[in-house]
Each structure stands twice: as C-alpha cells, then as structure tokens.
Amino acid sequence: MSYRFMRILVLFDLPTETAEDRKNYRHFRKALIKNGFMMWQESVYCRMVLNASVEKSVVEMLRKIRPPRGVVSVLSVTEKQFAKAEYITGNFHSDIIDSDERIVIL
C-alpha cells in the first residue's frame with residue numbers, strides 16, 4: 001500500500017428541524033457523494049485523494065457547498081494514519097472497493 005495518498009474526512013452535524021434545513025442537508029449529502037465521498041459512518045464521509053494539492057482543491061469545493069447552518073468539519077490524514085483506525089465495536093463492511101492499488105482483480 002502506498003502512503004503518499006491522503007484521506008479527507010468530512011464530519012457534519014446539520015439541523016433538520018425545518019423543511020429548508022432538510023433540503024440543505026440532502027443537497028450537502030448528495031454533493032458529497034457526487035464528489036467522490038463515501039459514507040464511513042452516519043454524518044462522517046471519507047474520500048481518498050492523491051496528494052496535498054488535490055486535498056486543497058477538495059476543501060475549497062467543500063467551502064462552496066457548505067450549508068448555511070450547522071457544523072461541518074474537515075480532517076485530512078495520510079493513508080498510513082487512516083489505516084491505523086481501530087474498530088472497537090463492530091466491523092467495517094462495504095460493497096465499495098476502496099483501495100489505492102492500481103490493479104484490482106475481482
């Protein structure tokens with residue numbers, strides 16, 4: 001596994017009290033998915049990027065699509081740091097192939 005890659009984690013807590021709040025929530029979540037983020041946990045989305053310059057452009061995109069209310073945080077870590085994540089309870093399972101390998105054999 002190559003460790004030049006980085007992960008961008010987006011953590012958010014958005015209000016869903018009014019119809020407008022729910023619309024903003026749905027718009028933000030769909031924009032994350034459209035831009036290559038995948039759900040890691042509820043309200044925590046993750047995306048792999050190639051290097052720090054791509055990371056900066058993704059963070060700028062997040063600033064543009066941020067909702068008017070709520071809290072949105074961005075955390076960038078290296079792939080090596082991300083690989084050290086430990087599951088205390090439960091196991092991660094996904095149908096999405098999430099790998100930095102150049103060739104993936106199915």
Side-chain angles (χ1 to χ4, degrees):
M1 179 177 291
S2 174
Y3 295 121
R4 70 175 186 218
F5 296 99
M6 298 178 71
R7 294 282 179 139
I8 300 174
L9 298 170
V10 177
L11 307 96
F12 58 92
D13 185 15
L14 303 178
T16 56
E17 298 159 357
T18 67
E20 185 69 23
D21 288 340
R22 289 187 293 275
K23 178 182 174 186
N24 290 332
Y25 174 89
R26 285 190 307 271
H27 176 72
F28 183 70
R29 186 180 170 281
K30 286 180 182 180
L32 287 176
I33 294 168
K34 180 181 175 186
N35 284 287
F37 284 87
M38 61 181 196
M39 185 189 295
W40 195 30
Q41 291 182 358
E42 194 171 323
S43 298
V44 179
Y45 282 70
C46 176
R47 176 181 169 178
M48 184 184 289
V49 294
L50 185 60
N51 55 37
S53 63
V54 176
E55 182 254 342
K56 284 182 182 180
S57 66
V58 171
V59 171
E60 281 302 314
M61 177 273 303
L62 290 169
R63 285 191 175 105
K64 290 179 184 175
I65 66 167
R66 72 177 187 262
R69 294 181 52 206
V71 177
V72 178
S73 302
V74 178
L75 176 65
S76 299
V77 295
T78 64
E79 186 63 19
K80 186 175 184 177
Q81 292 167 327
F82 185 80
K84 290 182 179 180
E86 182 179 344
Y87 291 93
I88 305 295
T89 303
N91 296 315
F92 178 75
H93 53 33
S94 175
D95 295 337
I96 299 170
I97 297 172
D98 184 26
S99 171
D100 64 348
E101 299 295 323
R102 296 200 183 264
I103 298 176
V104 177
I105 299 172
L106 300 176

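FYI, side chains are in, hydrogens and waters are out, and symmetry mates aren't considered; it's all heavy atoms of this structure.
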Q: Any chance you could measure I8, atom CD1, to L32, atom CG, to the nearest 0.5 Å?
A: 11.0 Å

Q. When rounded to the nearest 0.5 angstrom, what distance separates CZ in R29 from NZ in K34?
A. 15.0 Å

Q. Between OG of S43 and OH of Y25, what distance do you get to the nearest 0.5 Å?
A. 4.5 Å

Q: Tell me whether M61 is reachable from M6 by hopping between hydrophobic residues (I, L, V, M, F, W, Y) whose side-chain heavy atoms are closer than 4.5 Å.
A: yes

**Q.** Atom pair SG (C46) and CD (Q41), whose distance is rounded to the nearest 0.5 Å
**A.** 11.0 Å

(Q) Which residues pass the side-chain hydrogen bond (donor to acceptor under 3.5 Å, both in side chains) test with S53, not counting sequence neighbours? (A) N51

Q.
Quick check: closest heavy atoms across G70 and P15, and the distance to 0.1 Å?
A. CA-CD, 3.7 Å

Exercise answer: donor-acceptor pairs, residues 62-69 side-chain atoms, under 3.5 Å, sequence neighbours excluded:
unit_1, atom_1, unit_2, atom_2, d
R63, NH1, E60, OE2, 2.8
R66, NH1, R63, O, 2.9
R69, NH1, D21, OD1, 3.1
R69, NH1, D21, OD2, 2.9

Q) Does N35 reach the side chain of V58, with side-chain heavy atoms less than 4.5 Å apart? A) no

Q: Please name all residues satisfying side-chain hydrogen bond (donor to acceptor under 3.5 Å, both in side chains) with D13, sequence neighbours left out, ordered by chain then number.
A: none

Q | Where at least one partner belongs to residues 43-64, residue pairs that pass ring-ring contact (aromatic ring centres under 6.0 Å, His included), sequence neighbours excluded | A | F12-Y45

Q: Compare every heavy atom of V72 with every heavy atom of L14, then report the nearest pair and how far apart it is.
A: CD2-CG2, 4.0 Å

Q. So do the side chains of M48 and E79 get within less than 4.5 Å of each other, counting heavy atoms only?
A. yes

Q. Got F37 and V10 here, is their nearest side-chain heavy-atom distance under 4.5 Å?
A. yes

**Q.** V77: partners by side chain to side chain contact (heavy atoms under 4.5 Å, CB included), with sequence neighbours left out
**A.** R7, L75, Q81, F82

**Q.** Residues in side chain to side chain contact (heavy atoms under 4.5 Å, CB included) contact with S57, at least two apart in sequence or another chain
**A.** V54

**Q.** Reported OG1-to-NZ distance for the pair T18 and K23, which is rounded to 0.5 angstrom
**A.** 11.0 Å

